[in-house]
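One-based numbering along the sequence shown. We count ligands from 1, going down the list as the structure has it; atoms in each ligand are counted the same way. The figures here come from the full heavy-atom set of this structure, side chains too, leaving out hydrogens, waters and symmetry mates.
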Amino acid sequence: MKNTLEGKVAVVTGGASGIGLAIAKTFTENGASVIITDLQQENLDKAVAVIGKDGIGIVANVSKLKDMEAVYQQVMAKFGKLDTVVANAGLGDHGPLGTITEEQYDRTFNTNVKGVLFTVQPAVPLMKPGGTIIIIGSTGSVNPPRGMSIYGGSKAAVRNFIRSWVQDTKGTGIRFNVLSPGAIDTESLRNALEKAHGRDQVEAGVKSMGADTPAGRIGTTDEIGQVALFLASEASSFITGVEIFADGGLTAI
Ligand SMILES: NC(=O)c1ccc[n+]([C@@H]2O[C@H](COP(=O)([O-])OP(=O)(O)OC[C@H]3O[C@@H](n4cnc5c(N)ncnc54)[C@H](O)[C@@H]3O)[C@@H](O)[C@H]2O)c1
């Protein structure tokens, strides 16, 4: 059984940047046709240029079921099949208890929880045995940092979604897994550090996060791409219903 996606068709939400873009690129490099979705066409066009000729970008908001149904209609019209869905689009706001607003809660849960549900639900009936669903979680599902309770709660919710979904879909041959990264060097991580501690503290913040990790560093988007490739491919054929941490050992301590 090979760690390849030759001839497969995959959808990656939030694929215009960061982890989603790296996953999409890893998938096309390993033989898949990849449809990325995101909020702005301009960013999708830039990302498709990075992914290569087997990439397509479609504007769709994951928290709108109609948008996701339209994506799958286009995928089926063009490719006639769907093998893998990566529910990656997500965000996180800093907000200690006492400061959390309704707006923050709605934004986080509408993207990270409602968005995952309505990325996955319309996809499942289109998939055949061997199909794979990968939800990008976070170590925040078990160990949310201070001030990140809404984010941690949202990532714990999707981890629990799949515990039930593997039972709902028993016998279909479709696998559901959560891939939970630790700190990964992305623009969004660096922006969050800048917002919290100031621009001149970003490098120090990255170093300190690395120092707190058994691996001695934070991760790269390519490392997450490789784990997603494994979970999408036949190489992981007996793995379903789990949360895999790609976190340099962070959740072990
Ligand atoms: N970077 C990290 O350290 C880290 C760690 C753990 C988990 N994660 C998770 O990885 C995923 C990707 O994060 P990233 O760091 O690459 O961030 P990112 O901001 O670079 O990428 C997220 C993408 O999702 C898109 N997006 C946001 N809301 C959307 C919506 N409603 N519909 C469609 N697209 C939407 C954004 O425009 C963006 O392109 C997220 O689920 C995040 O929670 C990231």
With a cut-off of 4.0 Å, which atoms of ligand 1 are near a heavy atom of [X]?
{"X": "N61", "result": "30 (C), 31 (N), 32 (N)"}
{"X": "Y151", "result": "6 (C), 7 (C), 8 (N), 9 (C), 42 (C), 43 (O)"}
{"X": "A183", "result": "3 (O)"}
{"X": "G18", "result": "16 (O), 20 (O)"}
{"X": "T186", "result": "1 (N), 15 (O)"}
{"X": "S138", "result": "6 (C), 7 (C)"}

Has T132 got a side-chain atom pairing as donor or acceptor with T84's backbone, closer than 3.5 angstrom?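 Not at all, since once roles are kept as given, no pair shorter than 3.5 Å links the two residues.
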Between Q226 and D222 (side chain of the first, backbone of the second, donor and acceptor by atom type, cut-off under 3.5 Å), is there such a pair?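 No; zero donor-acceptor contacts below 3.5 Å.
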Positive for side chain to side chain contact (heavy atoms under 4.5 Å, CB included) with L231, one of I244, V86, T240: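 Single side chain to side chain contact (heavy atoms under 4.5 Å, CB included) partner of L231 among I244, V86, T240: I244.
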Please identify which of these residues, K195, K207, E194, H197, meets the side chain to side chain contact (heavy atoms under 4.5 Å, CB included) condition with V202.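 By the side chain to side chain contact (heavy atoms under 4.5 Å, CB included) criterion, V202 pairs with just one of K195, K207, E194, H197: E194.
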With salt bridge (Lys or Arg N to Asp or Glu O under 4.0 Å) as the rule and sequence neighbours excluded, what pairs involving residues 8-28 come up?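 Output for this query lists K25-E29.
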Identify, for atom 28 (N) of ligand 1, the protein heavy atom at the shortest distance, and state residue, atom and that distance.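 Answer for atom 28 (N) of ligand 1: T111 CG2, 3.6 Å.
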Return the residue, atom name and 0.1 Å-rounded distance of the protein heavy atom closest to atom 14 (P) of ligand 1.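 Protein heavy atom with the smallest distance to atom 14 (P) of ligand 1: S188 OG, 3.6 Å.
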Between the side chains of E203 and R190, is the shortest nitrogen-to-carboxylate-oxygen separation below 4.0 Å, so that they form an ion pair?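 Salt bridge present between R190 and E203.
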Strictly below 4.0 Å, N to O, side chains only: are K128 and D83 in salt-bridge contact?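 Result for this pair is no, no salt bridge flagged.
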Would G137 count as a contact residue for ligand 1, given that I'm defining contact as a non-hydrogen atom of the residue lying under 4.0 Å from a ligand atom?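 In this structure, G137 qualifies as a contact of ligand 1 - some heavy atom is under 4.0 Å.
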Under 4.0 Å, heavy atoms only, figure out whether ligand 1 is touched by the backbone of L189, its side chain, both or neither.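 The answer is the side chain of L189.
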Which bit of K155 is near ligand 1, meaning a heavy atom under 4.0 Å away: side chain, backbone, both or neither?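 Looking at K155 and ligand 1, just side chain atoms fall under 4.0 Å.
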For Y105, does the OH atom sit with more than 12 other heavy atoms under 6.0 Å from it, leaving out its own atoms?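 Incorrect, the count does not exceed 12.
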For [X], is at least one N or O under 3.5 Å away from an N or O on ligand 1?
{"X": "V62", "result": "yes"}
{"X": "D38", "result": "yes"}
{"X": "S17", "result": "yes"}

Minimum distance, heavy atoms only, to [atom]: which one of [options] is it?
{"atom": "atom 33 (C) of ligand 1", "options": "A60, S154, G14", "value": "A60"}
{"atom": "atom 10 (O) of ligand 1", "options": "I184, I136, L39, V59", "value": "I136"}
{"atom": "atom 11 (C) of ligand 1", "options": "L21, N88, I19", "value": "N88"}
{"atom": "atom 5 (C) of ligand 1", "options": "G182, A22, A89", "value": "G182"}

Flag the pair S180 / D247 as yes when at least one side-chain heavy-atom distance between them is below 4.5 Å, and no otherwise.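 No, side chains not in contact.
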Heavy-atom side-chain proximity of F161 to L117 below 4.5 angstrom: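 Counting from C-beta outward, F161 and L117 do come under 4.5 Å.
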Will you find, in the side chains of D45 and Q41, an N or O donor that is under 3.5 Å from an N or O acceptor?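 Yes - a donor-acceptor pair under 3.5 Å links their side chains.
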